[in-house]
Participant: 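Supplied in structure tokens, the structure appears directly below.
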Amino acid sequence: MATLSRIDHLVFACADLAQGNDWAEAALGVPAQPGGKHVLMGTHNRLLRLGPRVYLELITIDPEGAAQRARWFGLDTDAVRAKMARGPFVLTWVVACGDVQAAAAQLPEAGEVIAAARGAFSWRITVPADGRLNFDGVLPTLIEWEGTAHPCDGLEDRGCTLLELRLAHPQAEALRPRLDALQVAGPLVLRAGEPAIVARVQSPNGVVELR
């Protein structure tokens, strides 16, 4: 790719947005802001700024919505639904690309590139046909925002900053060349181990590890 990719957002599943917001406020000392609905996927979210163009997304199934295809981020799987019922957790992370089609060609596991929108925002994003996570979510989803509008534009700075994203997977050596091909810029560490995604965040509660 001609342009470096970057960490765009971290995706956390929750049973409902009230649960997710209570968790964010307890962990970080500040609540997340209202997001909106994803009509295509039957999901909705709340957001928290972690930097100029990086944020935390709390996402869940919208009880008033209906998915028009398999939902992204494995939200239709029994394992994810059972886990998010117990409390919010990180599902995966999303990388912003200058050309998502070209990036997806280098990462066929990422799935097809589809168009999506929410309010004033529109983007193209990779979603596997069955909606499932790749490499337990450690392999990122790819996104390209249309135009210059980005969700962080309307998010308040509430004193939270992403310091580092720590990834672990037993197939780390297979993942490494995939991430290298994406040229992901940002505070990123990958090691071998049990599947894990841990975000170190500076917050009003101090440095917090979210997982």
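Just so we're clear, the structure is a prediction, and the values are computed from it rather than from any experiment. Basis for what follows: all heavy atoms, side chains included, without hydrogens, waters or symmetry-related copies.
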Participant: Kindly indicate, with the supporting measurements, whether the criterion side-chain contact (heavy atoms from CB on, under 4.5 Å) is fulfilled by Trp23 and Leu28.
Facilitator: CA-CA 8 Å; Trp23 166 83; Leu28 300 169; 5.8 Å; no
Participant: In terms of hydrophobic clusters joined by side-chain contacts under 4.5 Å, are Val90 and Val54 together?
Facilitator: yes
Participant: Please indicate whether Gln68 has more than 12 foreign heavy atoms, meaning atoms of other residues, nucleotides or ligands, lying under 6.0 Å from its CD.
Facilitator: yes
Participant: First locate atom OG1 of Thr126, then atom CG of Leu107, and finally report the distance between them rounded to the nearest 0.5 Å.
Facilitator: 7.5 Å
Participant: Checking Thr141 against Val127 for the side-chain contact (heavy atoms from CB on, under 4.5 Å) test, could you report, in this order, the C-alpha distance in whole Å, the side-chain angles of both residues, the deciding distance, and whether it holds?
Facilitator: CA-CA 7 Å; Thr141 293; Val127 183; 5.8 Å; no
Participant: For Asp76 and Arg81, what are the C-alpha separation, side-chain angles and deciding distance, and is it a salt bridge (charged side-chain N to carboxylate O under 4.0 Å, His left out)?
Facilitator: CA-CA 7 Å; Asp76 284 329; Arg81 291 194 182 198; 3.0 Å; yes
Participant: Decide yes or no for Thr43 and Lys37: does some side-chain heavy atom of the first lie under 4.5 Å from some side-chain heavy atom of the second?
Facilitator: no
Participant: Name the one of Leu56, Thr60, Leu48 that satisfies side-chain contact (heavy atoms from CB on, under 4.5 Å) with Phe12?
Facilitator: Leu56
Participant: Can you tell me how far the CZ atom of Arg158 sits from the CZ atom of Arg49, to the nearest 0.5 Å?
Facilitator: 11.5 Å
Participant: Looking only at non-hydrogen atoms, find the nearest pair between Leu167 and Leu179 and report the distance.
Facilitator: CD1-CD1, 4.1 Å
Participant: Tell me whether Val184 shares a hydrophobic cluster with Val113, the cluster being built from Ile, Leu, Val, Met, Phe, Trp, Tyr side chains joined at under 4.5 Å.
Facilitator: yes
Participant: Does any part of the side chain of Leu50, heavy atoms only, come nearer than 4.5 Å to the side chain of Thr161, both counted from C-beta?
Facilitator: no
Participant: Using side-chain heavy atoms (C-beta onward) and a distance below 4.5 Å, is Leu58 in contact with Val11?
Facilitator: no
Participant: Passes side-chain contact (heavy atoms from CB on, under 4.5 Å), Leu210 versus Ile197? Steps please.
Facilitator: CA-CA 8 Å; Leu210 305 176; Ile197 304 171; over 6 Å; no
Participant: Locate the shortest heavy-atom distance separating Gln19 from Ala15; write the atom from each residue and the value.
Facilitator: OE1-N, 2.8 Å
Participant: Would a 4.5 Å heavy-atom cut-off, applied to side chains only, mark Leu139 and Glu109 as touching?
Facilitator: yes
Participant: Mind running salt bridge (charged side-chain N to carboxylate O under 4.0 Å, His left out) on Glu112 and Arg69 for me, showing each step along the way?
Facilitator: CA-CA 13 Å; Glu112 64 181 311; Arg69 55 161 293 152; 3.1 Å; yes
Participant: Check the angle between the aromatic planes of His9 and Trp145 and answer parallel, tilted or perpendicular using the 30° and 60° thresholds.
Facilitator: tilted
Participant: Side chains of Met41 and Ile114, heavy atoms from C-beta outward: is any pair under 4.5 Å?
Facilitator: yes
Participant: One pair to check against salt bridge (charged side-chain N to carboxylate O under 4.0 Å, His left out): Arg178 and Asp180. What are the steps and the verdict?
Facilitator: CA-CA 5 Å; Arg178 290 167 167 82; Asp180 289 346; over 6 Å; no
Participant: Does one hydrophobic cluster hold both Ile61 and Val39, with members joined at side-chain heavy-atom distances below 4.5 Å?
Facilitator: no
Participant: Please tell me if the side chains of Leu47 and Pro34 come closer than 4.5 Å, counting only heavy atoms from C-beta onward.
Facilitator: no
Participant: Once rounded to the nearest 0.5 Å, what's the spacing between atom CG of Leu182 and atom SG of Cys97?
Facilitator: 6.0 Å
Participant: Assess the residue pair Glu209 and Arg166 against the criterion (side-chain contact (heavy atoms from CB on, under 4.5 Å)); give the C-alpha distance rounded to whole Å, side-chain angles, the decisive distance to 0.1 Å, and a yes or no.
Facilitator: CA-CA 10 Å; Glu209 291 192 349; Arg166 296 176 177 171; 3.1 Å; yes
Participant: List the atom of Glu144, the atom of Val100, and the distance in Å for their closest heavy-atom pair.
Facilitator: OE1-N, 3.0 Å
Participant: Kindly compute the distance separating NE2 (His38) from CD1 (Ile59), expressed to the nearest 0.5 Å.
Facilitator: 5.0 Å
Participant: Is there side-chain contact between Leu163 and Val207, with heavy atoms separated by less than 4.5 Å?
Facilitator: yes
Participant: Could you tell me whether Arg124 and Glu146 make a salt bridge, using a distance below 4.0 angstrom between a side-chain N and a carboxylate O?
Facilitator: yes
Participant: Do Asn45 and Glu57 have side-chain N/O donor and acceptor atoms under 3.5 Å apart?
Facilitator: yes
Participant: Looking only at heavy atoms, what is the nearest atom pair of Gly29 and Asn205, with distance?
Facilitator: N-ND2, 3.2 Å
Participant: If two hydrophobic side chains count as joined below 4.5 Å and joins carry through other members, does Phe73 share a cluster with Val80?
Facilitator: yes
Participant: Please answer: with hydrophobic residues joined when any side-chain heavy atoms are less than 4.5 Å apart, are Ile125 and Phe135 in the same cluster?
Facilitator: no
Participant: Could you state the interatomic distance from CG (Leu17) to NE2 (His44), rounded to the nearest 0.5 Å?
Facilitator: 4.0 Å
Participant: Do Tyr55 and His150 have ring centres separated by under 6.0 Å?
Facilitator: yes
Participant: Is there side-chain contact between Val94 and Pro140, with at least one heavy-atom pair below 4.5 Å?
Facilitator: no
Participant: Any sub-3.5 Å donor-acceptor pair from Trp93's side-chain atoms to Val138's backbone N or O?
Facilitator: yes
Participant: Nearest 0.5 Å please: distance from the OG1 atom of Thr92 over to the CG atom of Asp136.
Facilitator: 10.0 Å
Participant: Considering non-hydrogen atoms only, spot the tightest contact between Cys14 and Pro88 and give its length.
Facilitator: CB-CG, 4.0 Å
Participant: Does NZ in Lys83 sit with more than 12 non-hydrogen atoms of other residues, nucleotides or ligands closer than 6.0 Å?
Facilitator: no
Participant: Looking at Arg46, I'd like to know if its CZ atom is crowded, meaning that more than 12 non-hydrogen atoms belonging to other residues, nucleotides or ligands lie closer than 6.0 Å.
Facilitator: yes
Participant: Tell me the closest heavy-atom pair linking Leu75 and Ala13, and the distance in Å.
Facilitator: CD2-CB, 4.3 Å
Participant: Output yes when a side-chain donor or acceptor of Glu25 lies under 3.5 Å from a complementary backbone atom of Asn21, and no otherwise.
Facilitator: no
